[in-house]
Amino acid sequence: MTWGPSFMYYHCPECGIKFKYAIDMIPEFGDDYGKCPRCGAMGVYEKDGARTPDDADYEEVE
């Protein structure tokens, strides 16, 4: 049984947006994994796991 995709959730210390990366995208993003999609700052880790109730508050980085 699977719970669907797992994500790592972040917020940006520079511009303040909330964003998430799918965990299976780590190899694709490499060293850029966890960076803000808007300003490029390294995000501040908040949590990880399957989709959470506040998932819609986070922009998905693809």
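Index from 1, following the sequence.
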Geometric class of the Y45/Y10 ring pair [parallel <30°, tilted 30-60°, perpendicular >60°]: perpendicular
E28 atom CD: more than 12 heavy-atom contacts under 6.0 Å: no
Closest heavy-atom pair and its distance - T52, Y9: N-OH, 3.5 Å
Atom of P13, atom of G43 and distance for their closest heavy-atom approach: CD-CA, 4.3 Å
Distance-minimising heavy-atom pair for A41 and C12: CB-SG, 4.0 Å
Closest non-hydrogen atom pair, E14 against C39: CB-SG, 3.8 Å
Atom of F19, atom of K35 and distance for their closest heavy-atom approach: CE1-O, 3.5 Å
Closest heavy-atom pair and its distance - M8, I23: CG-CG1, 3.7 Å
For D48, salt bridge (charged side-chain N to carboxylate O under 4.0 Å, His left out) partners two or more places apart: none
Salt bridge (charged side-chain N to carboxylate O under 4.0 Å, His left out) involving E59 - partner list, sequence neighbours excluded: R38
Quiz item: cation-pi between K20 and F7, 6.0 Å / 45°: yes
Co-membership, hydrophobic cluster, residues F29 and Y58, 4.5 Å side-chain: no
Sequence-distant partners of K47, salt bridge (charged side-chain N to carboxylate O under 4.0 Å, His left out), two or more places apart: D54
P5 side chain near D24 side chain, heavy-atom distance below 4.5 Å: no
